[in-house]
There are 2 protein chains.
Amino acid sequence: MSATSDREHEERYLAAYDPRDYDPVSVTVDVVALTIRDGTLHVLLVRRGNPPFEGMWALPGGFVRGVRDAEDLPEAAARELAEETGLSVKAGLARVHLEQLGTYGAPGRDPRMRIISVAYLAFAPELPDPRAGSDAADAAWAPVESLGLTEAATQWPGTTRRLAFDHARILADGLERARSKLEYTPLATAFCAPAFTIPELRAVYVAVWGEELHAGNFHRKVLSVPGFVESTGETTERGGRRGGPRARLYRPGDARLLHPALLRPSREEEIR
Amino acid sequence: MSATSDREHEERYLAAYDPRDYDPVSVTVDVVALTIRDGTLHVLLVRRGNPPFEGMWALPGGFVRGVRDAEDLPEAAARELAEETGLSVKAGLARVHLEQLGTYGAPGRDPRMRIISVAYLAFAPELPDPRAGSDAADAAWAPVESLGLTEAATQWPGTTRRLAFDHARILADGLERARSKLEYTPLATAFCAPAFTIPELRAVYVAVWGEELHAGNFHRKVLSVPGFVESTGETTERGGRRGGPRARLYRPGDARLLHPALLRPSREEEIR
DNA sequence: AAAATAGTGTCTTTCAGACAGTATTAA
DNA sequence: TTAATACTGTCTGAAAGACACTATTTT
């Protein structure tokens with residue numbers, strides 16, 4: 001076989017697999033946006049206004065603009081987060097940490113057509129209540145605990161519904177990623193205001209890990225990790241609600257990795 | 001606005017974003033397949049037989065079958081790995097560890113059209129030389145070091161070429177993931193034969209991390225981590241090439257996470 | 001015999017976690 | 001005044017890394 005006919009063969013072969021012709025796959029982004037409210041972990045959900053899964057809660061997301069106004073994946077995630085919730089960059093979206101979580105593409109995960117979804121994970125400081133975007137019936141911060149990801153169905157705002165599509169799995173993966181990231185990166189500060197106290201930082205760990213932490217040991221540990229936090233020299237205006245001295249304020253340091261890491265106390269179950 | 005016209009609005013809105021109509025995005029899988037050969041880390045590459053980047057080396061990959069014979073993403077990755085290299089499940093592909101690495105979708109990463117690629121990372125024990133698959137001109141295990149990912153262009157089998165598309169970045173991300181996974185999971189055993197010695201396991205760490213490790217401390221450390229390895233009761237038939245006693249043989253244990261982890265010695269640079 | 005390697009013992013330093021204790025603030 | 005809380009001190013045990021050493025094997 002000559003090189004030319006080889007190439008012709010290759011081109012025919014490639015053309016046969018060009019999905020534009022007859023094998024359409026659509027790409028969406030979905031966002032697991034986490035924040036801390038009232039000391040507990042919340043996730044941003046939208047209520048679907050259309051079938052399938054109409055009326056159920058789902059992660060915010062939508063189609064990636066492919067060719068016309070083509071956008072990169074992180075852009076698409078930020079756009080969906082803004083569009084579907086009414087949160088603007090001005091309203092605090094600028095301080096949100098965004099990272100890719102994973103891609104979910106099992107055939108049948110969307111009953112309408114073949115959709116491959118790139119999931120993003122967002123860590124947000126406390127943000128205002130969202131308003132429903134263009135194709136959502138509602139939007140709200142939902143307490144993660146209330147979604148009962150480990151148990152069977154559960155209740156949240158008056159329903160017993162689970163999340164639409166495979167979003168429960170995506171959320172579970174996002175939570176595990178968040179718990180893990182808190183161990184070896186300083187990303188807990190992404191949940192905090194620009195200046196925060198060590199007890200506030202500890203509250204983030206407690207909310208995300210779902211475990212109590214020893215206040216004294218945590219304090220000393222955080223200060224001993226180089227670059228985790230740096231002092232602003234200020235303190236809070238008042239002590240705690242129920243008494244106690246005023247706490248010193250810190251801002252995020254320049255470390256990108258925590259060394260040594262802050263390991264979760266009880267991981268024995270996950271090891272095997 | 002009535003509920004009905006609401007729904008009609010939503011459907012028009014959704015239809016406007018259905019990429020099947022006018023905004024085509026194609027999805028491929030690419031595989032970063034790593035193995036250890038002659039004590040150094042190698043990656044599986046194919047030489048492109050078609051433009052763009054014709055003649056350059058690239059990661060094995062191809063289009064995901066979307067609707068006709070729809071396949072899940074890990075299936076697509078395994079299929080591409082087999083197709084493009086001639087390696088069969090019988091030839092050892094069954095023992096390959098496959099995990100999702102990340103998704104790369106910057107507009108312009110493929111000059112022909114908008115392509116979003118889901119990258120997979122594979123850890124393989126020593127496998128036979130590949131043969132070129134249907135749309136590759138050649139396929140080979142390439143020493144990772146020779147690709148000079150941190151420096152500028154480099155030489156490998158007679159060329160000074162870099163990898164096609166954004167595959168250098170994908171490979172770099174895969175390498176960092178592999179280095180990191182060796183710290184806190186027992187996946188180093190995925191690079192080994194079913195029965196292996198502690199020095200062989202150490203060679204995996206040395207090859208992936210690119211750092212010498214203290215033999216005695218490594219030995220004691222591996223045996224002290226619960227579930228990392230378990231003894232077969234056997235030893236090697238002969239001692240080392242240049243002398244030394246025969247080594248005991250082990251198989252992978254039942255741990256999914258290493259606790260405590262085996263941390264890389266020098267990560268000071270990466271921390272900030 | 002010489003050199004290399006497998007595997008073990010020991011010491012020092014670091015760090016996690018338990019616990020106690022002091023100072024400061026709100027109620 | 002009481003209770004809660006921020007923060008520090010101290011002790012113990014686990015673990016990492018440096019180093020020395022013995023035993024076994026090949027050349």
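Convention: sequence-line order gives letters A, B, ...; per-chain numbering from 1.
- A search for side-chain contact (heavy atoms from CB on, under 4.5 Å) contacts involving Thr103(B) returns Leu73(A), Gln100(A), Thr103(A), Val118(A), Ile116(B), Val118(B), not counting sequence neighbours.
- Look at His219(A) and you'll find a side-chain N or O under 4.0 angstrom from OP1 or OP2 of dC7(D).
- Rounded to whole Å, the distance from CZ on Arg248(A) to P on dT24(C) is 11 Å.
- Looking at residues two or more places apart in sequence or on another chain, you find a salt bridge (charged side-chain N to carboxylate O under 4.0 Å, His left out) between Arg177(A) and Glu99(A).
- Here dA6(C) presents its P atom at 13 Å from CG of Leu213(B), a figure rounded to the nearest Å.
- As a whole-Å value, the separation of Leu223(B) CG from dG9(C) C1' is 15 Å.
- We find the CZ-OG1 distance between Arg251(A) and Thr232(A) to be 6.0 Å, quoted to the nearest 0.5 Å.
- Applying the ring-ring contact (aromatic ring centres under 6.0 Å, His included) definition to pairs two or more places apart or across chains, those involving residues 203-224 of chain B are Tyr205(B)-Trp209(B), Tyr205(B)-Phe218(B).
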(Q) Output one letter per nucleotide in nucleotides 17-27 of chain D: B when a protein non-hydrogen atom lies under 4.0 Å from the base, S when only the sugar-phosphate is that close, - when neither is. (A) BBB----BBSS

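- Annotation: salt bridge (charged side-chain N to carboxylate O under 4.0 Å, His left out) contacts of Asp129(A) (sequence neighbours excluded): Arg37(A).
- Under the 4.0 Å criterion applied to side-chain N and carboxylate O atoms, Glu237(A) and Arg246(A) are not assigned as salt-bridge partners.
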Q: Take Tyr104(B) and Asp30(B), measure what side-chain hydrogen bond (donor to acceptor under 3.5 Å, both in side chains) needs, and give me the verdict at the end.
A: CA-CA 10 Å; Tyr104(B) 299 79; Asp30(B) 290 317; over 6 Å; no

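- Under the 3.5 Å distance criterion, the side-chain polar atoms of Arg95(A) are matched with a main-chain donor or acceptor of Cys192(A).
- A heavy-atom distance below 4.0 Å to DNA chain C is reached by none of the residues of residues 196-205 of chain A.
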